[in-house]
Amino acid sequence: NLPVPKFGAILFSMRIYESEIDAPCRVIALNGEIEIIERLEEMGLSKGRALQFIRRLPLGGPYIVQAGSTFIALREEEANCIEVERVVGQ
């Protein structure tokens, strides 16, 4: 039998758009060009921030994420920079 993760245990890391829709995640890293990372930080996305991936808009549109009560539209290049972890018990 596999051990059951404890409350708050980290399962694995992924890009924000790889998470399940509406699954609570936490930013563990911002990787990429400094200009993009600065833009993300100006939007309030930084290490430790809680996020949820809501959906991607049709026709290759932006990714929609929720941070608290704020909805943010991210370009693909921005979404590629956000590494998150899903946490059990959230």
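Values below: every heavy atom of this structure, side chains too, minus hydrogens, waters and symmetry copies.
- With a 4.5 Å cut-off on side-chain heavy atoms, Thr70 and Gln66 do not count as touching.
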*Should Arg15 and Glu18 be marked as a salt bridge (charged side-chain N to carboxylate O under 4.0 Å, His left out) after you check the CA-CA gap, both sets of side-chain angles, and the distance that decides it?*
CA-CA 5 Å; Arg15 299 288 179 222; Glu18 296 171 329; 5.8 Å; no
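- Paired with Val65 under the rule side chain to side chain contact (heavy atoms under 4.5 Å, CB included), one option of Ile72, Val84, Ile54, Ile82 passes, and it is Ile72.
- A pairwise comparison of heavy atoms in Ala79 and Ile16 identifies O-CG2, 3.8 Å as the closest pair.
- In plain terms, the two heavy atoms of Cys81 and Ile36 that are nearest each other are SG-CG2, 3.6 Å.
- When side chains are defined from C-beta on, Glu78 counts as touching Arg39, because their heavy atoms get closer than 4.5 Å.
- Contact of the Leu74 side chain with the Met43 side chain is registered, since non-hydrogen atoms from C-beta on lie closer than 4.5 Å.
- A 4.5 Å side-chain heavy-atom check between Ser19 and Arg86 finds every atom pair outside the cut-off.
- In the hydrophobic clustering of ILVMFWY residues, with side-chain heavy atoms under 4.5 Å counting as a link, Val27 and Ile21 come out together.
- One finds the SG atom of Cys25 at 8.0 Å from the CD atom of Gln52 (value rounded to the nearest 0.5 Å).
- Residues Arg56 and Tyr17 fail the side-chain proximity criterion, which asks for heavy atoms closer than 4.5 Å.
- Counting only heavy atoms from C-beta outward, the side chains of Glu83 and Asn31 approach each other to under 4.5 Å.
- Defined by atom type and a distance below 3.5 Å, a donor-acceptor pair is missing between the side-chain atoms of Ser46 and Glu41.
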